[in-house]
There are 2 protein chains.
Amino acid sequence: MSLPHAILTALLEKPSSGLELTRRFDRSIGYFWSATHQQIYRELGKLEQAGHIRALPAQAPARGQKKEYEVLPAGRAELAAWVRRSEDPKPIRDALLLRLRAAAVVGTEGFGDELRRHLALHRAQLAEYLAMEERQFPPERDSEADRLRHLVLRGGIELERFWTAWLTEALAEFDRRDC
Amino acid sequence: MSLPHAILTALLEKPSSGLELTRRFDRSIGYFWSATHQQIYRELGKLEQAGHIRALPAQAPARGQKKEYEVLPAGRAELAAWVRRSEDPKPIRDALLLRLRAAAVVGTEGFGDELRRHLALHRAQLAEYLAMEERQFPPERDSEADRLRHLVLRGGIELERFWTAWLTEALAEFDRRDC
DNA sequence: AGCCCCATGTAACTGGTTACATGATTGA
DNA sequence: TCAATCATGTAACCAGTTACATGGGGCT
């Protein structure tokens with residue numbers, strides 16, 4: 001039940017249309033909760049029906065027309081309740097670790113390249129987050145909300161650091177074997 | 001499409017019944033790919049129909065009866081092909097980071113306790129993995145397959161270290177504010 | 001007989017993915 | 001007028017979750 005809450009958070013930060021939300025999910029929010037436009041439109045419909053958000057008036061409700069939403073008090077209350085609710089961490093599901101384990105059984109041929117490819121992707125992601133950090137969190141921006149958002153971004157950064165470190169170690173292991 | 005391959009890997013390591021697989025998913029394989037018994041039975045049915053595994057003969061196929069499976073050559077081939085296939089890393093979806101971001105908007109009241117709870121859970125998981133490492137990978141066990149499996153476990157360990165470190169940092173931030 | 005545990009399953013639901021459809025606006 | 005792009009949506013499917021059903025074997 002996280003997507004509707006991700007959308008409520010995004011809309012509280014700034015009222016938006018479905019496509020704008022999609023783009024924001026591709027950027028800032030997307031680094032810890034991704035969603036496609038199809039999901040977002042479906043969820044916006046549900047949230048509107050539940051009375052958690054509403055379309056800003058003075059918008060033609062026609063098909064190809066932009067439709068902006070804002071959060072209603074009920075939506076904010078629901079989000080606050082969700083934040084206070086306690087939820088266990090979900091067990092990891094990582095296909096790359098799984099594939100490495102499978103490779104231990106059926107052979108590692110060609111797997112080094114895949115590890116190198118992932119390493120490059122994670123390095124790029126790390127660089128992007130670091131650039132974001134510099135842009136969005138200069139030392140003088142230090143309000144309460146900023147510090148919390150910064151903490152979230154540092155989570156993303158440290159996660160990418162973990163991956164680059166682990167992949168580097170894995171590749172060293174691979175290269176040692178192949179000599 | 002990872003669950004069937006997780007099952008093929010587990011069955012290659014050791015032919016098993018559905019319930020035995022479930023237990024192994026709760027332990028070793030589960031630390032990077034979790035699955036419930038319902039999923040496993042369903043997937044075993046599909047894999048059998050596809051000709052990737054078969055039930056060991058000399059087993060009564062009655063309802064309450066144990067049914068052991070082994071991997072057929074076609075299943076091994078499919079697994080090897082999957083390992084060689086290249087797959088992009090999935091974007092992260094983490095509810096705790098999302099909730100922290102939401103808390104930045106609607107207020108952090110009570111969230112420190114949730115962070116402490118998660119920290120305790122991740123510390124416990126880390127301790128469990130470290131114990132597993134000592135048990136399963138003593139220095140003398142150093143075959144090719146062992147080193148790869150060890151690498152996978154170290155992935156799990158480093159991931160838990162990341163979480164404990166990040167949660168500690170987040171709590172420090174919270175406690176600083178509350179004074 | 002009644003209970004518990006082992007073992008295998010079914011059914012309904014939820015959330016996420018993929019492919020496609022449709023209308024509005026803009027600029028060549 | 002045509003193509004590209006912005007914008008909103010539908011439909012079918014797939015994977016994972018939750019709740020429940022059924023049967024066998026052993027224990028008291």
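Naming: A, B, ... by sequence-line order, numbering from 1 per chain. Values reported hereafter were calculated over all heavy atoms of this structure, with side chains retained and with hydrogens, waters and symmetry mates removed.
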Ring-plane angle category for B:F174 and B:F111, please: parallel below 30°, perpendicular beyond 60°, tilted otherwise. tilted
For A:L56 and D:dA7, what is the distance between atoms CG and C1' respectively, to the nearest whole Å? 16 Å
To the nearest Å, how far apart are B:E68 CD and C:dC6 P? 16 Å
Quickly work out the A:L47 CG to D:dG9 P distance and round it to whole Å. 13 Å
Taking only N and O in the side chain of A:K66, is any of them less than 4.0 Å away from OP1 or OP2 of C:dT25? no
Measure NE2/A:H37 against C1'/C:dT22 and give the value in whole Å, please. 12 Å
Short N/O separations, protein against nucleotides 11-15 of chain C, under 3.5 angstrom:
none

Side chain to side chain donor-acceptor pair (under 3.5 Å) with A:S16: which of A:R24, A:R23, A:K66, A:E68? A:R24
Over how many whole Å does the gap from B:Y41 atom OH to D:dT18 atom P extend? 18 Å
Atom-pair distance (NZ on B:K90; P on C:dG16), nearest Å: 12 Å
Between B:S86 and A:R99 the two heavy atoms that sit nearest each other are CA-NH1, 4.1 Å
Could I get the full list of ring pair (Phe, Tyr, Trp, His ring centres under 6.0 Å) partners for A:W33, not counting sequence neighbours? none
Atom pair distance, as rounded to whole Å: CG in B:L21 and C1' in C:dG9: 15 Å
Between A:E128 and A:R27, does any NZ, NE, NH1 or NH2 come within less than 4.0 Å of an OD or OE carboxylate oxygen? no
Check every atom of C:dT8, C:dT18, D:dG16 against the side chain of A:T36 and return the nucleotide holding the closest atom. C:dT18
If the cut-off is 4.0 Å, is A:R23 near the phosphate of D:dC6, judged by side-chain N/O to OP1 or OP2? no
Dump the intermediate steps for salt bridge (charged side-chain N to carboxylate O under 4.0 Å, His left out) on B:R149 and B:E13, then the final yes or no. CA-CA 12 Å; B:R149 272 193 287 269; B:E13 290 175 350; 3.8 Å; yes
Output the rounded distance in Å from CG (A:D88) to P (D:dT17). 13 Å
Where the side chain of A:Y69 is defined as all heavy atoms beyond and including C-beta, which of D:dG9, D:dT17, C:dT17 is the nearest nucleotide? D:dG9
Taking all non-hydrogen atoms of both residues into account, name the closest pair between B:G155 and A:L97 and its distance. CA-CD2, 4.5 Å
